[in-house]
Amino acid sequence: MDGSPTTRVDYGSEEAAMQAYLRDGETRAATLGNRGAIHFTAAGELHPDIVEAYWRCGFYVFEGVLRPDELFDIERNVHEILERLPAERGAALDVKGRPALAADCKGPNLLWSKPLGDPFGGTDLANGRHPVKMFEPTAAADAPKEVVYLILGSLQFSEAALRVYGHPQLLAVAAAINGPDFTPFNEALFIKEPGRGASVAWHQDGTTHWDSPEWDQGIHGFNFMGQLYGCTAANGVWVVPGSHKRGRIDIKDLVAKAGSERLPDAVPIIARPGDVAITNRQALHGSFANTSKDWRVTLNMGFHRRKSVLGVRGGGVHNAAAVYDAERIRERARLIGYGIDARRQRFPDEKPYVYSPHADEGLSYRWDDKAKAGIKDYNLLDLSI
Ligand SMILES: O=C(O)CCC(=O)C(=O)O
């Protein structure tokens, strides 16, 4: 895998309709005015045009955030990860007989699907938040029985991903959107292999605050989606612009009215290698089976407002439900400190981000072998709301 195009398969009986939908969606996406470089005002604030477009659309594409040498590091790590995957679901060894990635982890790490399948749609999994099953095209006869399409707790498997997590501009965006005392949510790698990558059925991410008297458009936080190879209408995430403002949406009804899962108002996130999208977790979003010839590898990194998690009972989607106290948040936010320090070591020319909660409490984090051993299973502490 080097990101070069492979042979595409087609969308079966839906192929013609799907191709028209992809083209139309791309045209609609280009009209939104929600993309460009990350930039700040002279006073150091995230530029108001970016803030306005993010809150209007529920997503924004930051262009050219990850530099070529950084993408090279990420690609190398992704190769290593893919080579070390278990030979099949539940196997302790990889195809070469070595201990497999995450085989000794306690946390949930590897999510499998049949090629081009939709493992969550129409099931009760994840609190039933993916109510409609996506069309499942047929994969080529030589495809494996199952593929890994999602890797959770990904910072423990990739130092390059940890360094992206400590990116000063991205963390400054997190502070602008969620407040300087923002907290982690979770991190993941989405792997959409050409001709095999699974669908992620339409859903909204939040679980805990929909009925809160304090509910607003940002209460369930956001995800950064960093792109190694870029993403297209065919393999990328689709979003219904503005849907993060609408509360909980009746997805079944929308799909029934549309007559298929091709929601008429949705648009694809289009990105080049090194672009990083920010997507509101309340936005209605999903992705189709990747029948295209292009790889998509996305580094997901989620962040919350502190007041959305402190004292709140988690939703139990990513780990055991628990009430999140200050100590839990502090422990989970170590990863921000490690990310910043790991980045400082690799890119000494950059000005490291200063994370206010660490500065205020006099906490400092050093990324070294001990820290590396200490983050095994860190995602058991994800702040899942
Ligand atoms: O990357 C994808 O295909 C889906 C992403 C997604 O649903 C999420 O981050 O919540």
Side-chain angles (χ1 to χ4, degrees), residues 22 25 58-61 78 108 110-113 115-121 123 125-136 147-155 161 164-165 170 184-194 196-208 220-240 243-244 248-249 251 261 263 266-271 275-292 294-304 315 317-318 379 382-385:
L22 301 184
F59 75 103
Y60 195 97
V61 182
V78 170
L110 304 181
L111 273 71
W112 297 76
S113 168
L116 304 179
D118 171 9
F120 277 76
T123 71
L125 298 168
N127 293 347
R129 71 181 183 183
H130 308 77
V132 176
K133 193 161 195 74
M134 307 288 258
F135 181 82
E136 296 181 318
V147 293
V148 170
Y149 71 100
L150 178 57
I151 301 176
L152 300 170
S154 44
L155 303 186
V164 176
Y165 194 59
L170 293 177
F185 155 45
N186 86 339
E187 301 79 38
L189 276 178
F190 275 92
I191 311 276
K192 294 274 265 200
E193 194 177 337
R196 296 181 180 174
S199 292
V200 178
W202 292 110
H203 65 288
Q204 294 171 288
D205 283 332
T207 46
T208 43
H220 286 109
F222 69 80
N223 274 317
F224 283 128
M225 299 174 173
Q227 303 301 330
L228 174 57
Y229 298 125
C231 51
T232 66
N235 69 16
V237 173
W238 286 62
V239 180
V240 176
S243 52
H244 61 296
R248 221 180 325 217
I249 292 171
I251 299 174
E261 70 259 28
L263 298 181
V267 300
I269 298 178
I270 306 284
D275 291 355
V276 179
I278 174 175
T279 308
N280 189 296
R281 295 185 64 241
Q282 289 179 169
L284 178 55
H285 64 286
S287 65
F288 298 94
N290 184 13
T291 57
S292 83
D294 301 311
W295 279 89
R296 168 161 68 93
V297 173
T298 301
L299 282 68
N300 259 46
M301 299 161 284
F303 292 100
H304 292 309
V317 169
H318 299 87
N379 57 311
D382 285 352
L383 301 169
S384 176
I385 58 166

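Order of listing sets the numbers, starting from 1, for every ligand and every atom in it.
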Judged by modelled atom types alone, do [X] and [Y] share a side-chain donor-acceptor pair under 3.5 Å?
X: Ser243; Y: Gln282; result: no
X: Asn290; Y: Ser292; result: yes
X: Thr279; Y: Arg281; result: no

With atoms numbered from 1 as shown, which atoms in ligand 1 lie under 4.0 angstrom from a non-hydrogen atom of [X]?
X: Met225; answer: 9 (O)
X: Asn223; answer: 9 (O)
X: Ser287; answer: 2 (C), 3 (O)

**Asked** Any donor and acceptor pair, going by atom type alone, linking the side chain of Ser113 with main-chain N or O of Pro115 inside 3.5 Å?
**Response**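 No, Ser113 side chain to Pro115 backbone: no donor-acceptor pair under 3.5 Å.
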**Prompt:** Any donor-acceptor pair under 3.5 Å linking the side chain of Glu261 with the backbone of Phe135?
**Reply:**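 Yes; at least one donor-acceptor contact below 3.5 Å.
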Measure the shortest side-chain to side-chain distance between [X] and [Y] over non-hydrogen atoms and say whether it is less than 4.5 angstrom.
X: Trp112; Y: Val147; value: no
X: Tyr229; Y: Val297; value: yes
X: Tyr165; Y: Pro184; value: yes

Just let me know how [X] lines up against ligand 1, side chain, backbone, both or neither, with a heavy-atom cut-off below 4.0 Å.
X: Thr279; value: neither
X: His203; value: side chain
X: His130; value: neither

Nearest non-hydrogen protein atom, [atom]:
atom: atom 9 (O) of ligand 1; value: Asn300 ND2, 2.8 Å
atom: atom 1 (O) of ligand 1; value: Arg296 NH1, 3.0 Å
atom: atom 8 (C) of ligand 1; value: His285 NE2, 3.5 Å

**Polar proximity ligand 1 side, Asp205 side, N/O cut 3.5 Å exclusive** =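 Such a contact does occur with ligand 1.
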**Message:** Tell me the nearest of Tyr149, Trp202, Phe190 to atom 5 (C) of ligand 1, using heavy-atom distances.
**Reply:**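 Considering heavy atoms of Tyr149, Trp202, Phe190, the nearest to atom 5 (C) of ligand 1 sits in Phe190.
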**Request:** Could you establish whether Val237 and ligand 1 come within less than 4.0 Å of each other, counting only heavy atoms on the residue side?
**Result:**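 It does; at least one heavy atom falls under 4.0 Å.
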